[in-house]
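Before any comments, here is the structure.
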Amino acid sequence: MSIDTRPVARPTSPVTRSRLAAARRRRKWGNPLAGLGSLVWLLLVLVPLYTLVSSSLMHQDEALNGEPLAVPTDPTLENYRTVLDSGFSSMLTNTAIVAVATVVIVLLLAVPVAYVAVRTRSRLSSLAFRTFLLGVAIPAQAVIVPLYLLISKLGLYDSLPAIILPTAAFAMPVAVLILSGTMRDVSEEMYEAMALDGATPLRMLWQLAIPMSKAGISTVAIYTALQAWNGFLFPLILTQSEENRVLTLGLFNFMSQFGVNVPAVLAAIVLSVVPIFAVYLVARKALVNGLMGVGGK
């Protein structure tokens, strides 16, 4: 005699049936409140961007007397031409040099520091890691006077290194935090397997830790580039000549140079935002993936 092992269907209660029906409706129609909130947030982001671009294409009288959200009746690129003729390309080049150099310095230092903090269990490495994290709580404004004196004593005042070195130093704590969280996600078995093959710590860093931490490295690179691109305090205090002027300081000077020429100022803002915004659009996926790995296991 065969035994029927098929599961016996149990009667579903009315409460359970109603919950299942509600779940099916939610899957069908989605979450209207979340969709409405996303739409509101999208408008909050796009409206200022639209106003910025449209106003930069207006004439002076139209920008001052017209509606903020109006479409330009006679679009013109004269405002952009005015900005480009005011030394904008030189400031853009200086800002790019500062951003690239800062990213290179931070990656060259933060990657091995994070690796040592993750792989070493000594008190010295733990103390060094906590010291780096302490830098997150120290604002640049609190040390700008001694930093100015130090840069002056080193003979670096009014030069691009005077901007690059402090910017890299203040980006290091967050960089070490992100990279250490990413490297902790690399399994211990993979390190042990390479150690059994006779790999040195330097080889494990180069062939295992760095390839497995590409998301964190990309996040650090983007974050550091944003910090360097948008930095204002260090260029303001540590430089003074026009040949070492960066975009943020140039925008500050444009406000007085162009006076009430609002479209020209907005055109300068658009030109300064486009490069770093393009970098963010290309690497935003790596940025999100790297930030999700902060904290590690």
Side-chain angles (χ1 to χ4, degrees), residues 97-140 142-143 146-147 150-151 154 156 160-229 231 234 279 283-297:
I97 293 173
V98 170
V100 172
T102 303
V103 170
V104 171
I105 292 174
V106 169
L107 290 181
L108 288 178
L109 296 178
V111 169
V113 168
Y115 177 76
V116 171
V118 171
R119 296 294 300 157
T120 307
R121 299 294 185 266
S122 64
R123 291 184 176 180
L124 182 61
S125 64
S126 177
L127 178 62
F129 180 69
R130 293 177 181 177
T131 302
F132 270 101
L133 295 186
L134 184 62
V136 179
I138 301 177
V143 296
L147 184 60
L150 178 62
I151 292 295
L154 293 175
L156 298 176
L160 293 183
I163 306 174
I164 295 170
L165 295 178
T167 305
F170 277 89
M172 279 289 294
V174 176
V176 172
L177 177 63
I178 294 175
L179 289 174
S180 60
T182 304
M183 291 183 181
R184 284 193 181 95
D185 289 337
V186 182
S187 64
E188 187 69 24
E189 291 77 10
M190 300 179 72
Y191 286 111
E192 293 176 356
M194 290 196 67
L196 291 176
D197 290 339
T200 62
L202 183 60
R203 180 184 167 190
M204 286 189 285
L205 169 63
W206 184 255
Q207 296 184 356
L208 178 60
I210 291 179
M212 297 292 290
S213 304
K214 288 183 178 179
I217 293 174
S218 301
T219 301
V220 169
I222 298 169
Y223 170 80
T224 305
L226 288 172
Q227 293 291 102
W229 194 275
F234 296 144
V279 172
R284 66 186 184 278
K285 184 176 181 181
L287 176 64
V288 174
N289 291 337
L291 290 176
M292 290 176 63
V294 175
K297 296 180 180 179

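What you see is a predicted model, and the numbers here were worked out from it, not measured in a lab.
- For the pair Phe170/Val106, no side-chain contact is recorded, criterion being any heavy-atom separation below 4.5 Å from C-beta on.
- The line from OG1 of Thr224 to CE of Met172 is 9.5 Å long, rounded to the nearest 0.5 Å.
- The minimum heavy-atom distance linking Val103 with Ala221 is given by the pair CG2-O, 3.6 Å.
- Taking each heavy atom of Val176 and Ala114 in turn, the nearest pair found is O-CB, 4.1 Å.
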Let me see the working for Val111 and Leu205 under side chain to side chain contact (heavy atoms under 4.5 Å, CB included), right down to the final yes or no.
-> CA-CA 9 Å; Val111 169; Leu205 169 63; 4.0 Å; yes
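- With Tyr115 as the fixed residue, the side-chain contact (heavy atoms from CB on, under 4.5 Å) test singles out one of Pro201, Ser180, Ser213: Pro201.
- Ala99 and Ala225 get closest at one heavy-atom pair: CB-O, 4.4 Å.
- Distance check: Met183 CE to Ile178 CD1 gives 12.0 Å after rounding to the nearest 0.5 Å.
- When every heavy atom of Pro161 is checked against every heavy atom of Pro166, the shortest pair comes out as O-CD, 4.0 Å.
- Atoms NZ and OG1, on Lys214 and Thr182 in that order, are 14.0 Å from each other to the nearest 0.5 Å.
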N/O donor to acceptor pairs below 3.5 angstrom from side-chain atoms of residues 190-200, sequence neighbours left out:
unit_1: Thr200; atom_1: OG1; unit_2: Arg203; atom_2: N; d: 3.3

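- Atom CZ in Phe234 sits 5.5 Å away from atom OG1 in Thr167 (nearest 0.5 Å).
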Chi angles and distances behind the side chain to side chain contact (heavy atoms under 4.5 Å, CB included) call for Arg119, Glu188 | CA-CA 10 Å; Arg119 296 294 300 157; Glu188 187 69 24; 3.1 Å; yes
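- Taken from OG1 in Thr102 to CH2 in Trp229, the straight-line distance is 12.0 Å, to the nearest 0.5 Å.
- Once rounded to the nearest 0.5 Å, the distance linking CZ of Arg123 with CZ of Arg130 reads 10.5 Å.
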Starting from the C-alpha separation in whole Å, work towards a yes-or-no answer on side chain to side chain contact (heavy atoms under 4.5 Å, CB included) for Leu165 and Ile105.
-> CA-CA 8 Å; Leu165 295 178; Ile105 292 174; 4.3 Å; yes
